[in-house]
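Please read all numbers here as calculations on a predicted model, not as lab measurements.
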Amino acid sequence: MAKVFNTTGICVPQEHYMVNIEKRLEQIKKLVDEGKYFSVNKARQYGKTTTLMALGKYLQKEYYVVSMDFQTFGNAEFQTENRFSLSFAGSFLRLFLKNRPAMSDTLQKAVDALARSVRQMPVYFALKMLFEQLSEICEASDKPLVLIIDEVDSAANNQVFVDFLAQLRAQYLNRFCQAAFWSVILAGVYDIRHLKQKLRQDEEHRMNSPWNIAAEFKVDFSFSKDEIAAMLREYGKEQPVQMDIGAMAGLLWDYTEGYPFLVSRLCQLLDEEVSAKTEYASKEAAWTKKGFHEAVRLILWDTNTLFASLTGKLHDYPKLGVMLRTLLFTGRTFSFRADGNIIDIASMFGFIKNQNGTVAIANRIFETYLYNYFLSEDEMRETELYKASLQDKSQFLTGGYLNMRRVLEKFVAHFHEIYGSRSRTFLEEEGRQYFLLYLKPIINGTGNYYIEARTRDLGRTDVVVDYRGEQHVIEMKLWHGEEYNRRGEQQLLGYLDSYRINQGYMLSFNFNKHKTVGVHEIRIGDKTIIEAVV
């Protein structure tokens with residue numbers, strides 16, 4: 001059976017196209033070899049479970065690996081210490097015996113003792129007895145034991161789990177005089193340091209950093225351009241499909257920053273959906289720059305679990321939405337540690353990255369998704385400008401392609417009529433937001449856009465619109481005088497060169513009372529700039 005790109009569940013090399021993760025496994029094994037206890041905290045669908053399953057097989061020659069998933073434990077298992085201890089012991093025994101360990105008499109007695117305790121003392125069995133008997137199994141085993149627990153944060157909202165961590169910590173600290181797990185790996189989205197955010201307030205005082213023994217974990221799970229290219233090379237040979245592998249790998253990385261799910265989903269869309277469209281009609285035609293932009297448009301309309309999770313976090317953490325919205329629409333910068341709490345949360349969920357000490361949205365896909373999310377909020381959709389865009393949208397196509405000059409002309413007219421008397425503060429903080437709001441229904445369903453992160457600041461923002469494979473570059477800027485305006489024109493010209501197009505657009509929000517509102521054309525060398533002033 002031919003391999004496919006997989007975005008649901010664990011990836012298996014024999015069945016799915018995937019990057020080679022052996023280097024990651026080597027890095028993680030080094031921590032295991034050193035006997036470290038550590039956490040693997042990555043955002044949703046970042047390849048944790050796939051990596052941990054591969055790690056279990058990678059370690060099995062030298063270790064007995066017991067891999068648990070706390071999502072398989074129901075809420076009832078965490079209600080009391082007794083119930084949790086019984087459930088944990090039962091799961092541990094079943095998974096340990098799957099390793100088919102060489103059962104010496106001593107090891108057999110230790111395993112039997114744990115099983116007997118579960119059967120004969122179900123009412124009194126608790127964490128202390130559980131860990132004492134686990135210690136005996138570790139001591140009797142002919143190989144070191146490694147414990148891996150995935151989805152550990154699904155249990156992190158109660159005190160029983162905190163007490164469990166405290167027992168692991170105590171075992172770790174006493175490991176030189178009492179046998180313990182050789183290495184423990186806890187994996188989830190939430191960093192254990194954030195447990196206090198999930199505990200009830202009346203229980204927070206009982207939290208005393210039970211996981212402060214954890215070693216630092218720096219293994220990067222994101223895909224590099226070279227790793228993406230190797231995956232595409234394998235795909236191209238097996239299909240077979242001719243493509244510019246370097247260019248396609250570059251596009252995939254530029255839009256995703258190597259986020260595993262996003263890379264795999266875009267590849268899946270190119271392979272299965274874009275290639276089936278009439279205008280492409282083959283896989284080879286799909287694996288092009290034009291086909292890639294179609295896949296980007298499709299993923300932004302996806303109802304996938306990753307986007308659903310991101311939306312859920314925005315509802316759960318209102319301050320997170322405020323920070324992200326401010327970052328996107330005003331150009332304000334945030335120090336990556338300016339507000340440790342909300343910055344840590346945004347980073348933990350994968351929304352942001354550290355870009356030279358300041359906060360930046362993690363990747364272009366997330367950035368455009370967030371713009372769409374904020375621009376679709378009910379209060380935005382009820383604005384007069386949005387309603388005007390819905391009425392105007394049929395006027396902007398010429399031969400099936402987008403007439404961006406016409407878009408700017410209509411936007412200027414509507415904006416001046418509706419908001420012309422607003423304050424300078426409104427223009428600075430809301431102006432660019434309203435242009436994107438006007439643009440969105442015009443291109444929805446056919447085109448997409450993204451913000452060029454390297455130019456987003458308080459002064460200027462470049463929007464790149466892709467409509468049926470044709471790129472339009474619009475520089476949105478605040479007016480700061482003629483000299484600043486000329487510099488902006490030169491910057492835009494350079495940007496047009498990089499896109500190999502001869503026409504670009506400027507949208508200036510001008511605070512000068514004597515400004516001339518409207519659209520005019522500027523010719524510089526072989527380039528044309530259409531400038532709109534509001």
Student: Is it true that the side chains of Y369 and T311 contain a donor and an acceptor less than 3.5 Å apart?
Tutor: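 A pair is found: one side chain offers a donor N or O, the other an acceptor, under 3.5 Å apart.
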Student: Would you confirm whether the ring centroid of F366 sits within less than 6.0 angstrom of the ring centroid of Y371?
Tutor: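 For Y371 and F366, the ring centres are not under 6.0 Å apart.
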Student: Please determine if R169 forms a cation-pi arrangement with Y172, meaning its NZ or CZ atom is less than 6.0 Å from the six-membered ring centre and no more than 45° off the ring axis.
Tutor: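 Ring-cation test returns no.
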Student: Would you call K353-E257 a salt bridge at under 4.0 Å N-O?
Tutor: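 The answer is yes: the pair qualifies as a salt bridge.
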Student: Decide whether Y17 and Q239 meet the rule of one side-chain donor and one side-chain acceptor closer than 3.5 Å.
Tutor: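 A donor-acceptor contact under 3.5 Å links the two side chains.
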Student: Tell me if the aromatic rings of Y373 and F307 count as close, with their centers under 6.0 Å from one another.
Tutor: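 Not close enough - the centres of the two rings lie 6.0 Å or further apart.
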Student: Has the side chain of N174 got a donor or acceptor atom that lies under 3.5 Å from a matching backbone atom of A170?
Tutor: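 Judged by distance alone, yes, a pair lies under 3.5 Å.
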Student: Any chance you could measure N448, atom CG, to N372, atom CG, to the nearest 0.5 Å?
Tutor: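 It is 9.0 Å, given to the nearest 0.5 Å.
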Student: S347 side chain to I343 main-chain N or O, any donor-acceptor pair under 3.5 Å?
Tutor: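 Here the side-chain-to-backbone pair does not exist.
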Student: Hey, is R297 close enough to E294 for a salt bridge, meaning N to O under 4.0 Å?
Tutor: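 The answer is yes: the pair qualifies as a salt bridge.
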Student: Would a distance-only check, ignoring hydrogens and angles, find a side-chain to backbone donor-acceptor pair under 3.5 Å from N304 to L306?
Tutor: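 The answer is yes, because a donor-acceptor pair under 3.5 Å joins these two groups.
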Student: Could you tell me if the ring centre of Y37 sits under 6.0 Å from that of F181?
Tutor: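 No - the distance between ring centres of Y37 and F181 does not fall below the 6.0 Å cut-off.
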Student: Between the side chains of N363 and T256, does any donor sit under 3.5 Å from an acceptor?
Tutor: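 Judged by distance alone, the side chains do not pair up.
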Student: Look at the side chain of D163 and the backbone N and O of Q167, then say whether any donor-acceptor pair between them is shorter than 3.5 Å.
Tutor: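 Not confirmed, D163 side chain does not pair with Q167 backbone.
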Student: Is any NZ, NE, NH1 or NH2 atom of the basic residue among K23 and E227 found under 4.0 Å from an Asp or Glu carboxylate oxygen of the other?
Tutor: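 Salt bridge between K23 and E227, a charged N being under 4.0 Å from a carboxylate O: no.
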Student: Regarding K283 and E273, does a basic nitrogen lie under 4.0 Å from an acidic carboxylate oxygen?
Tutor: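 Answer for the salt bridge query: no.
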Student: From the options W211, F73, F88, select the one residue that forms a ring-ring contact (aromatic ring centres under 6.0 Å, His included) with F164.
Tutor: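 In the set W211, F73, F88, the residue that makes a ring-ring contact (aromatic ring centres under 6.0 Å, His included) with F164 is F88.
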Student: What is the ring orientation for F374 with F329, classed by angle as parallel under 30°, tilted 30 to 60°, or perpendicular over 60°?
Tutor: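 F374 and F329: perpendicular rings.
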Student: State whether the number of non-hydrogen atoms from other residues, nucleotides or ligands found under 6.0 Å of M129 atom CE is greater than 12.
Tutor: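 More than 12 within 6.0 Å, yes.
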Student: Does the cation-pi check pass for K143 over Y64, that is, NZ or CZ under 6.0 Å from the six-membered ring centre and within 45° of its axis?
Tutor: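 Relative to the ring axis of Y64, which defines the angle, K143 lies inside both limits.
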Student: For E139, look at atom CD and say whether over 12 heavy atoms of other residues, nucleotides or ligands are found less than 6.0 Å away.
Tutor: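 No.
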Student: For F70 and F78, I'd like to know if the aromatic rings sit close, meaning centre-to-centre distance below 6.0 Å.
Tutor: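 Centroid distance F70-F78: below 6.0 Å, so yes.
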Student: Establish, from distance only, whether the side-chain atoms of S104 and K109 form a donor-acceptor pair under 3.5 Å.
Tutor: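 No, no side-chain donor-acceptor pair sits under 3.5 Å.
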Student: May I ask you to decide if W182's main-chain N or O and R175's side chain share a donor-acceptor pair within less than 3.5 Å?
Tutor: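 Here the side-chain-to-backbone pair does not exist.
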Student: Return the NZ to CG distance between K237 and L232, rounded to the nearest 0.5 Å.
Tutor: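 Atom-to-atom, K237:NZ and L232:CG are 12.5 Å apart.
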Student: What is the distance from atom OG1 of T51 to atom OH of Y58, rounded to the nearest 0.5 Å?
Tutor: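 Answer for the OG1-OH pair, T51 versus Y58, is 13.0 Å.
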Student: Between M243 and R233, is a side chain to side chain contact (heavy atoms under 4.5 Å, CB included) present by the stated rule, with each step listed?
Tutor: CA-CA 9 Å; M243 72 173 87; R233 203 170 289 116; over 6 Å; no
Student: Do we see a donor-acceptor contact under 3.5 Å between the side chains of Y259 and Q45?
Tutor: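 No, because no side-chain N or O of Y259 sits under 3.5 Å from a partner of the opposite role on Q45.
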Student: Answer yes or no: are there more than 12 heavy-atom neighbours, outside K36 itself, under 6.0 Å from its atom NZ?
Tutor: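 Count not over threshold, so no.
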Student: Does one side chain, of D220 or S222, offer a donor that lies under 3.5 Å from an acceptor on the other?
Tutor: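 Checked: D220/S222 side chains pair up, N/O donor to acceptor below 3.5 Å.
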Student: So, the side chain of Q171 versus the backbone of F131: is there a donor-acceptor pair under 3.5 Å, distance only?
Tutor: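 Side chain of Q171 to backbone of F131, a donor-acceptor pair under 3.5 Å: yes, one is there.
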Student: Is any side-chain heavy atom of F5 closer than 4.5 Å to one of H16?
Tutor: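 Counting from C-beta outward, H16 and F5 never come under 4.5 Å.
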Student: Between D150 (side chain only) and K48 (backbone N and O only), is there a donor and an acceptor less than 3.5 Å apart?
Tutor: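 The answer is no, because no donor-acceptor pair under 3.5 Å joins these two groups.
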Student: Check for a donor-acceptor pair, side chain of E77 on one end and backbone N or O of G74 on the other, with a separation under 3.5 Å.
Tutor: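 Yes: the side chain of E77 pairs with the backbone of G74.
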Student: Is D153 reaching over with its side chain to a backbone N or O of V189, donor-acceptor style, under 3.5 angstrom?
Tutor: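 Pair found, side chain donor or acceptor close to backbone of V189.
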Student: If you measure from NE2 on H293 to OH on Y450, what distance do you get to the nearest 0.5 Å?
Tutor: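 H293 NE2 to Y450 OH: 7.0 Å, rounded to 0.5 Å.
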Student: Any salt bridge between R265 and D302, counting N to O under 4.0 Å?
Tutor: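 Yes, R265 and D302 are salt-bridged.
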Student: Salt bridge check, E132 against K128: does any charged N sit closer than 4.0 Å to a carboxylate O?
Tutor: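 Looking at E132 together with K128, the answer is yes, because their closest N to O distance falls below 4.0 Å.
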Student: What do you reckon, are the aromatic ring centroids of F292 and Y255 less than 6.0 Å apart?
Tutor: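 Ring centroids of F292 and Y255 are less than 6.0 Å from each other.
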Student: Does E22 come within less than 4.0 Å of K29, counting only side-chain N to carboxylate O?
Tutor: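 Looking at K29 together with E22, the answer is no, because their closest N to O distance does not fall below 4.0 Å.
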Student: Taking K313 for the side chain and F351 for the main chain, is one N or O donor matched with an acceptor at less than 3.5 Å?
Tutor: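 Judged by distance alone, no pair lies under 3.5 Å.
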Student: Ring centroid separation for Y46 and F221, is it under 6.0 angstrom?
Tutor: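 No, too far apart.
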